[in-house]
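Each remark here refers to the structure printed beneath this line.
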Amino acid sequence: MYSGSGYSDWEIGDVTMIIENGVYHLFHLIIPNHDYIAHAVSTDGISWKRVNNALFVGDPGEWDDDMLWTMHVCKLGEKFRMFYTGLRRQDKGVATRIGIAESDDLLRWTKVEHPGFPLGSEEGEFYESLSNNPRNWLSFRDPFYMEVDNESFLLLCARVGKGPVSRRGCVGLFKWSGERYLALPPLMHPMAYDDVECPCGFELNGRYYLIGSIREDVKIRYWFADSFMGEYHSFHADVLMPQGNYAARILKDEDHLLIYNFFYTHGQVNSLRVFPPPKELATDEKGRLVLKSYYRWNEMAAKPVALDGLGHPSPLFENPTNQLIYEDGKWTCGARSGYEIFWWSRPSANFIWEGRLNVEGMGKFGLTVCTDKEANGYYISFDIINGLVQFRAWGYNANDQKKNFVFENIQSNTIVVPHDRSFHFRLIIFGNYVELSVDGVVKITLIDYQWSGSGFGLYSASSVISLEESTIRSLPAVIDEYASQEKAEKKAV
């Protein structure tokens, strides 16, 4: 877990990652100053330790003497290359350009001159430029390098030069000619958004995919094509990561294709930003992208313990219509009228809880986690009629006697409801990180700091549900990012 916090709680910005010799390297912006690109390392892709900063803004008069924006790090031959976005003070924020830095070891970086760089919008007739810029600031940024059929391309967050002003966002495309990068028409223009930020492209299971972050609703969307240069399309649902997740970038980890991003807590741009654990990208039988849980969770977790070993859950409200039956490894519970929470005390602060939920009646139901005995905590509701899962914070608000409750829907996502209304869930609690998978697909992924109660369980409102095949696996303690710096600080002294 990592936030990059210092004076401000929201310092972490756009990210790029690379793996070298088994070490994960994270490079990210520092918000709001944008004056350097930070560097952190990890051995598991979850807990990070800061090392020397990678790159700083240029000296006065240089093309990048104002700010540094989104970058992408890749390995070309024996060297590492960083394509990065820079701004010049003279332009007063209107123009962004792409520059290059190189490194032999990922630790020491040098800005280099390269034919055609810094690359600006004036290089391409297909995109907005200083002379065709209704917003009075250009989007020509967020480079992503990829190779396809032995050819080299740069993908950019760019904007076409005509059309409704708020719908010009596109994935710009430049191709290496042997001497310089030459502009091509946009790889994809959805004609829907102001910008397609932090674009990424990749091939997976025979198809090409583009992902981009959309400012309008703070979600990550994707598009697909049968060939890299082909026509890109959307499925019926095009949201890859639900609201609050942003600036996603991909990372190849041996046989795993990971997706990283940062998360806006409370859905606010200027709130705490945190870099959560990654997910994995896969496709379903129709070629739709799906999120899978990170493979290292299984490596980190202890052996599974049957939920039966925690004893009978407590009915917190003592609802007189509640029922609780345990038989042959199956818990059946519910409340004919009103609400009831069937509450277990969690065996460790961090854990993976999974099992099979069966809906055997009408009414509302779901999971609770980080819940105390006053019922303050998080509630995961399953709407099997409309195919929706929602994660909400619910409890007592001691700070406002006139509105003495918290009821906040933090994130929601669609789910497929099987005909038998039986599904497998997997819930990960790791510090303040929450991840819920339904039938093997990650549907909820977020970070929240409101509740930390010691319980978890099931809730029912006029429903009958059963839980079987349920286990708990403990996870290790979260390494605080500041604690991870202590050794480096002492050595420096």
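Positions are given from 1, in the same order as the sequence printed here.
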Of all heavy-atom pairs between [X] and [Y], which one has the smallest distance, and what is that distance?
X	Y	answer
Pro143	Thr70	CD-O, 3.3 Å
Ile12	Arg273	O-CD, 3.0 Å
Tyr181	Phe153	CE2-C, 4.3 Å
Ala393	Gln450	CB-NE2, 3.7 Å
Ser129	Ser121	CA-OG, 3.6 Å
Val417	Gly387	CG2-CA, 3.9 Å

Checking the side chain of [X] only, and the main-chain atoms of [Y] only, is there a donor and an acceptor separated by less than 3.5 Å?
X	Y	answer
Gln411	Gln243	yes
Asn350	Pro476	yes
Asp105	Leu107	yes
Asp149	Glu151	no
Asn132	Glu128	no
Lys279	Pro277	yes
Asp238	Tyr222	no

- Task: Would you please indicate if the ring centroids of Phe224 and Tyr208 are separated by under 6.0 Å?
- Result: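 No: the rings miss the under 6.0 Å criterion.
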- Task: Establish, yes or no, whether a centroid distance under 6.0 Å links the rings of Trp297 and Phe430.
- Result: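 Here the rings of Phe430 and Trp297 have centres that are less than 6.0 Å from each other.
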- Query: Given Asp66 and Lys92, is the salt bridge (charged side-chain N to carboxylate O under 4.0 Å, His left out) satisfied, shown in steps?
  - Reply: CA-CA 8 Å; Asp66 186 14; Lys92 297 189 181 298; over 6 Å; no
Where does the angle between the aromatic ring planes of [X] and [Y] fall among parallel (under 30°), tilted (30 to 60°) and perpendicular (over 60°)?
X	Y	result
Tyr127	Phe174	parallel
Trp137	Trp69	perpendicular
Trp353	Phe425	perpendicular

- Which is it for Asp91 and Arg97 under the salt bridge (charged side-chain N to carboxylate O under 4.0 Å, His left out) test, yes or no, and what are the steps along the way? CA-CA 11 Å; Asp91 296 327; Arg97 297 177 177 84; 2.8 Å; yes
[X] versus [Y]: any side-chain heavy-atom pair under 4.5 Å?
X	Y	value
Ile447	Val434	no
Arg88	Asp64	no
Ile46	Met300	yes
Leu291	Met241	yes
Met82	Glu102	no
Lys252	Ile250	no
Phe262	Leu29	no

- For atom CZ of Arg296, decide whether the heavy atoms of other residues, nucleotides or ligands shown that lie under 6.0 angstrom number more than 12.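 Correct, the count exceeds 12.
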- Item | Glu113 CD: over 12 foreign heavy atoms closer than 6.0 Å |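 12 or below, so no.
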What side-chain donor-acceptor pairs closer than 3.5 Å can you find for residues 190-203, not counting sequence neighbours?
unit_1 : atom_1 : unit_2 : atom_2 : d
Tyr193 : OH     : Arg221 : NE     : 3.2
Asp194 : OD1    : Arg159 : NH1    : 3.1
Asp194 : OD2    : Arg135 : NH1    : 2.7
Asp194 : OD2    : Arg215 : NH2    : 2.6
Asp195 : OD1    : Ser139 : OG     : 2.9
Asp195 : OD2    : Arg135 : NH1    : 3.2
Asp195 : OD2    : Ser139 : OG     : 3.1
Asp195 : OD2    : Arg141 : NH2    : 3.1
Asp195 : OD2    : Arg215 : NH2    : 2.9
Glu197 : OE1    : Tyr246 : OH     : 2.5
Glu197 : OE2    : Arg141 : NH1    : 2.8
Glu197 : OE2    : Arg141 : NH2    : 2.9
Glu203 : OE2    : Gly206 : N      : 2.7

- Message: For a ring-ring contact (aromatic ring centres under 6.0 Å, His included) check, start with the C-alpha distance between Phe83 and His72, then their side-chain angles and the critical distance, and finish with the verdict.
- Response: CA-CA 5 Å; Phe83 295 93; His72 183 220; 7.5 Å; no
- Query: Name the one of Tyr84, Phe80, Phe27, Phe56 that satisfies ring pair (Phe, Tyr, Trp, His ring centres under 6.0 Å) with Trp109?
  - Reply: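 Among the candidates, only Phe27 passes.
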For [X] and [Y], does a side-chain donor sit closer than 3.5 Å to a side-chain acceptor?
X	Y	value
Glu435	Ser293	yes
His25	Glu20	no
Lys443	Ser437	no

Closer than 4.0 angstrom, basic N to acidic O: yes or no for [X] and [Y]?
X	Y	value
Asp104	Lys79	yes
Arg249	Asp142	no
Arg392	Glu408	no

- Member of Asp253, Ile18, Val41 meeting the side chain to side chain contact (heavy atoms under 4.5 Å, CB included) criterion with Tyr24: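 Filter result, single survivor: Asp253.
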- Item | Full working for ring-ring contact (aromatic ring centres under 6.0 Å, His included) between Tyr260 and Phe275 | CA-CA 8 Å; Tyr260 278 99; Phe275 187 63; 5.1 Å; yes
